[in-house]
Trainee: 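This is the structure I have questions about; it appears just below.
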Amino acid sequence: MESEETIDGVAYKALTFTMPDNDVTITPIKALTPLIIKNGVPVDSENGVIVDENKAYSGDAKNDGWSYNEAKNTFTTTAADESPLEFVDLQNNKVDWKVNNYGGLKNGTVTSQINNYGTVENLIATSYFINKGTIKSGVFSRQADFGEQNPSVRWVTVNGGTVNGMTTAGVVGEQEVTITAPDGFKYWSVAGDTDFSLTEEQKHTNPLTLKLNGEDKGTIILTAQSEEGYYPLNLTDGKAYSVTADGAKDKEITAARAGDTVILEADSTMIPDGMVFDRWEITGDTELTGGFDANAEKTKFTMPNGSVTLRAMYRMADVEEPNVLGTVAIVATAGVGAAVLGWTGYNIAADLYAQSILPEGTAIPETKEALAVMLWQNAGKPEIVAADGTALSETEQAQQWVVANGLMENEEDGSFHPEKGVGKFAALNAIKAQSEAKVSE
């Protein structure tokens with residue numbers, strides 16, 4: 001007979017039985033330890049009371065349904081048929097663990113890579129999400145690979161602000177997202193799908209909470225319009241900060257006033273595996289002054305009288321770019337701005353780099369389509385057919401092949417967008433990587 005006894009205030013399970021004639025083997029079963037997160041790690045507990053909040057608890061895969069490797073900062077959930085839990089509940093915590101999910105995971109924000117082999121629900125993934133299982137609902141970064149499930153996604157892009165901490169996020173299922181604007185916010189303007197609109201109250205609310213459904217699909221673009229004198233900082237894979245009176249880094253910002261000093265840093269969490277920071281790419285004719293260095297991962301500039309759009313660009317970690325100034329003399333004449341000089345040097349460096357990779361006379365691909373076709377041709381034109389057996393054009397085959405082999409990626413809306421431009425170094429690095437890996441099929 002099973003009963004419960006309390007000793008020194010702690011509850012224990014007790015088993016009372018009459019001894020039979022034969023030997024009896026009693027095997028104790030470890031009680032499930034609920035996941036409790038303190039200081040960013042799981043901690044041990046007894047009956048819901050934390051034992052030591054400063055010491056990480058590794059968990060027990062079989063009995064707890066999860067395990068944690070502190071040295072590798074990796075959290076793993078147990079396969080559903082071996083776990084005592086249907087879902088491991090993050091209880092709305094934000095964690096920076098690499099996650100391998102073989103069972104169920106829900107209710108939290110993960111800022112590192114997630115490999116999903118099980119099921120996720122109501123999860124926010126701000127970095128890489130590789131899906132080989134099932135997504136019930138969640139909010140995902142543009143780095144997400146939804147895999148064969150290919151769920152319906154509604155994409156949200158915020159200019160001059162963030163959605164759940166990201167500039168672009170995809171909603172799967174029914175989810176609540178938070179749109180946040182910086183200091184100087186005046187109102188939200190809406191673009192994208194014509195069937196989406198904001199009430200007058202919502203237009204002037206910051207932060208703004210929206211309930212969205214991925215089944216609605218399409219794209220919503222919100223722009224934070226600023227008070228006079230403030231201009232948006234539209235950053236991809238980067239962060240901007242204001243400065244204190246003594247010039248030190250202060251708080252993160254997404255808008256600034258003309259004349260303000262802005263500290264710019266590449267977002268290290270967004271750098272793809274095997275790559276390193278290459279340069280900042282400026283959209284438009286904006287020329288940044290005040291100490292701006294396009295080749296520095298951390299730099300600063302003076303906010304101009306208008307918006308600034310910047311994107312962090314990357315290159316393969318094992319590729320050293322040519323020393324342009326050591327090879328070609330570049331003379332800055334009067335009237336040649338730093339931005340123009342830097343762009344000239346970049347093009348010369350790319351052309352020199354191309355000489356060691358491409359056959360003589362071969363142009364560097366400038367669009368995603370051109371790069372995909374070149375990579376596919378280099379692999380011997382492996383035949384790709386549609387799922388229904390329909391014949392595909394060479395361009396279509398090339399696009400599907402490079403994505404399937406991880407050489408290129410679809411855009412955030414799930415489409416390839418062959419018309420989009422591609423940076424010279426990005427194209428050359430992809431060609432070099434393919435050559436070194438000898439990817440063929």
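The figures here come from the full heavy-atom set of this structure, side chains too, leaving out hydrogens, waters and symmetry mates.
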Trainee: As a test of understanding, state which of Thr157, Thr219, Thr236 forms a side chain to side chain donor-acceptor pair (under 3.5 Å) with Thr168.
Mentor: Thr157
Trainee: Run the salt bridge (Lys or Arg N to Asp or Glu O under 4.0 Å) test on Glu148 and Lys132 for me, step by step, so that the C-alpha distance in whole Å, both residues' side-chain angles and the decisive distance to 0.1 Å come before the verdict.
Mentor: CA-CA 7 Å; Glu148 294 183 0; Lys132 298 182 183 296; over 6 Å; no
Trainee: Within the side chain of Lys368, is there an N or O that forms a donor-acceptor pair under 3.5 Å with the backbone of Phe416?
Mentor: yes
Trainee: Examine Lys203 relative to Tyr187 and say whether NZ or CZ is less than 6.0 Å from the centre of the six-membered ring and inside a 45° cone about the ring axis.
Mentor: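 No, Lys203 does not sit over the ring of Tyr187.
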Trainee: Give me the atom names and distance for the closest heavy-atom approach of Ala240 to Val262.
Mentor: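 For Ala240 and Val262, the tightest heavy-atom pair comes out as CB-CG1, 3.7 Å.
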Trainee: In the structure I gave you, are the side-chain heavy atoms of Thr367 and Leu371 within less than 4.5 Å of one another anywhere?
Mentor: no
Trainee: Quick one, Leu392 and Gln400 - any side-chain contact, counting heavy atoms below 4.5 Å?
Mentor: yes
Trainee: A side-chain contact here means heavy atoms from C-beta on lying under 4.5 Å apart; do Asn39 and Lys55 qualify?
Mentor: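 Of all side-chain heavy-atom pairs linking Lys55 with Asn39, none is under 4.5 Å.
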Trainee: Does Thr162 use its side chain to pair, donor to acceptor, with the backbone of Met166 at less than 3.5 Å?
Mentor: no
Trainee: Salt bridge or not for Asp44 and Lys38, using N-O below 4.0 Å?
Mentor: no
Trainee: Does Gln113 form a side-chain contact (heavy atoms from CB on, under 4.5 Å) with Ile130? I'd like the steps, not just the answer.
Mentor: CA-CA 8 Å; Gln113 180 171 318; Ile130 301 173; 3.5 Å; yes
Trainee: Quick one, Asn405 and Val403 - any side-chain contact, counting heavy atoms below 4.5 Å?
Mentor: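 In short, these two side chains do not touch, never coming nearer than 4.5 Å.
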Trainee: Has Asp64 got a side-chain atom pairing as donor or acceptor with Trp66's backbone, closer than 3.5 angstrom?
Mentor: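 No; judged by distance alone, with no hydrogens or angles, the pair does not exist.
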Trainee: So, does Asn93 use its side chain to make a donor-acceptor pair with the main chain of Leu90 at under 3.5 Å?
Mentor: yes
Trainee: Can you confirm whether the side chains of Thr111 and Thr126 place a donor and an acceptor under 3.5 Å from each other?
Mentor: no
Trainee: Are any of the side-chain heavy atoms of Ile263 and Phe301 separated by less than 4.5 Å?
Mentor: no
Trainee: Quick one: which of Asn115, Ile114, Asn73 gives a side chain to side chain contact (heavy atoms under 4.5 Å, CB included) with Lys98?
Mentor: Asn115
Trainee: Going by distance alone, is a donor N or O of one side chain under 3.5 Å from an acceptor N or O of the other, for Gln225 and Ser189?
Mentor: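 Distance-only check passes for Gln225 and Ser189.
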Trainee: Looking only at heavy atoms, what is the nearest atom pair of Ala224 and Phe185, with distance?
Mentor: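 Heavy atoms of Ala224 and Phe185 come nearest at CB-CD1, 4.1 Å.
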Trainee: Considering only heavy atoms from C-beta outward, does the side chain of Pro42 approach that of Tyr68 to under 4.5 Å?
Mentor: yes
Trainee: When you look at CD of Glu174, are more than 12 heavy atoms from neighbouring residues, nucleotides or ligands closer to it than 6.0 Å?
Mentor: no
Trainee: Tell me if a side-chain donor or acceptor on Asn206 pairs with a main-chain N or O of Ala181 at a distance below 3.5 Å.
Mentor: yes
Trainee: For the residue pair Val88 and Leu35, establish whether any side-chain heavy-atom pair is separated by less than 4.5 Å.
Mentor: yes
Trainee: How long is the straight-line distance from CD1 of Ile364 back to CG of Leu358, given to the nearest 0.5 Å?
Mentor: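 One gets 6.5 Å once the value is rounded to the nearest 0.5 Å.
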Trainee: Please test Asp237 against Arg142 for salt bridge (Lys or Arg N to Asp or Glu O under 4.0 Å), starting from the C-alpha separation and ending with a verdict.
Mentor: CA-CA 11 Å; Asp237 298 351; Arg142 60 188 178 83; 2.4 Å; yes
Trainee: So does Ile135 get a backbone contact from the side chain of Gln149, meaning a donor-acceptor N/O pair under 3.5 Å?
Mentor: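 Answer holds: yes.
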Trainee: Donor-acceptor check, side chain of Ser141 to backbone of Gln143, threshold 3.5 angstrom: yes or no?
Mentor: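 Side chain of Ser141 to backbone of Gln143, a donor-acceptor pair under 3.5 Å: yes, one is there.
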Trainee: Closer than 3.5 angstrom, by distance alone: can the side chain of Trp188 be matched with the main-chain N or O of Thr205 as a donor-acceptor pair?
Mentor: yes
Trainee: Within a 6.0 Å radius of atom CD on Glu176, are there more than 12 heavy atoms belonging to other residues, nucleotides or ligands?
Mentor: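 It does: Glu176 CD has more than 12 such atoms within range.
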Trainee: Taking all non-hydrogen atoms of both residues, which atom of Leu123 and which atom of Lys106 are closest, and how far apart?
Mentor: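 Nearest pair, atom of Leu123 first, then Lys106: CD1-C, 4.4 Å.
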Trainee: Check the side chains of Asn69 and Thr74 for a donor-acceptor pair under 3.5 angstrom, ignoring hydrogens and angles.
Mentor: no
Trainee: Is it true that Lys381 and Glu394 make a salt bridge, defined as a side-chain N closer than 4.0 Å to a carboxylate O?
Mentor: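 Here Lys381 pairs with Glu394 in a salt bridge, since their nearest N and O are under 4.0 Å apart.
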Trainee: Which distance, rounded to the nearest 0.5 Å, do you find between the CD of Glu369 and the CD of Glu396?
Mentor: 10.0 Å
Trainee: Gln175 and Asn122: side-chain donor and acceptor closer than 3.5 Å?
Mentor: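 The answer is yes; a qualifying pair exists.
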Trainee: Check Thr134, Asn131, Asp145 against Asn116 for a side chain to side chain donor-acceptor pair (under 3.5 Å) and give me the one that passes.
Mentor: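 Exactly one pass, corresponding to Asn131.
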Trainee: Nearest 0.5 Å, please: how far is CE in Met313 from CZ in Arg311?
Mentor: 5.5 Å
Trainee: Quick check for you: to the nearest 0.5 Å, what is the distance between Ser137 atom OG and Asn107 atom CG?
Mentor: 8.5 Å
Trainee: Is the number of heavy atoms from other residues, nucleotides or ligands under 6.0 Å of Glu409 CD greater than 12?
Mentor: no
Trainee: Give the minimum heavy-atom separation between Lys300 and Thr261, together with the two atoms involved.
Mentor: CD-CG2, 4.4 Å
Trainee: Would you find a donor on one side and an acceptor on the other, under 3.5 Å apart, between the side chain of Ser152 and the backbone of Gly214?
Mentor: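 Absent.
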Trainee: Got Phe196 and Leu212 here, is their nearest side-chain heavy-atom distance under 4.5 Å?
Mentor: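 Answer yes - side chains close enough.
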Trainee: Identify the two heavy atoms, one from Tyr231 and one from Pro304, that lie closest to each other, and give their separation to 0.1 Å.
Mentor: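 For Tyr231 versus Pro304, the nearest heavy atoms are CD1-O, 3.9 Å.
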Trainee: Mind checking the CG-OG1 spacing from Asn164 to Thr109? Nearest 0.5 Å is all I need.
Mentor: 7.0 Å
Trainee: With a 4.0 Å cut-off on N to O distance, would you call Arg154 and Glu215 a salt bridge?
Mentor: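 Glu215 and Arg154: not salt-bridged.
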Trainee: How many angstroms lie between atom NE2 of His204 and atom OG1 of Thr199, to the nearest 0.5 angstrom?
Mentor: 10.0 Å
Trainee: Looking only at non-hydrogen atoms, find the nearest pair between Met374 and Ile431 and report the distance.
Mentor: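 Nearest heavy atoms, Met374 then Ile431: SD-CD1, 3.4 Å.
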Trainee: Let's go through Leu264 and Leu310 carefully: what are the C-alpha distance in whole Å and the side-chain angles of both, what is the deciding distance for side-chain contact (heavy atoms from CB on, under 4.5 Å) to 0.1 Å, and is it a yes or a no?
Mentor: CA-CA 10 Å; Leu264 179 66; Leu310 287 161; 3.6 Å; yes
Trainee: Dump the intermediate steps for side-chain contact (heavy atoms from CB on, under 4.5 Å) on Thr302 and Asp260, then the final yes or no.
Mentor: CA-CA 6 Å; Thr302 301; Asp260 284 353; over 6 Å; no
Trainee: Counting N and O atoms only, with roles assigned by atom type, does the side chain of Thr77 sit under 3.5 Å from a partner on the main chain of Tyr102, one being a donor and the other an acceptor?
Mentor: yes
Trainee: Does Glu366, at its CD atom, have more than 12 non-hydrogen atoms belonging to other residues, nucleotides or ligands within less than 6.0 Å?
Mentor: no
Trainee: Let me see the working for Phe129 and Phe146 under ring pair (Phe, Tyr, Trp, His ring centres under 6.0 Å), right down to the final yes or no.
Mentor: CA-CA 8 Å; Phe129 180 90; Phe146 294 115; 7.0 Å; no
Trainee: Can you list the steps and then say if Thr309 with Ile282 is a side-chain contact (heavy atoms from CB on, under 4.5 Å)?
Mentor: CA-CA 6 Å; Thr309 301; Ile282 305 174; over 6 Å; no
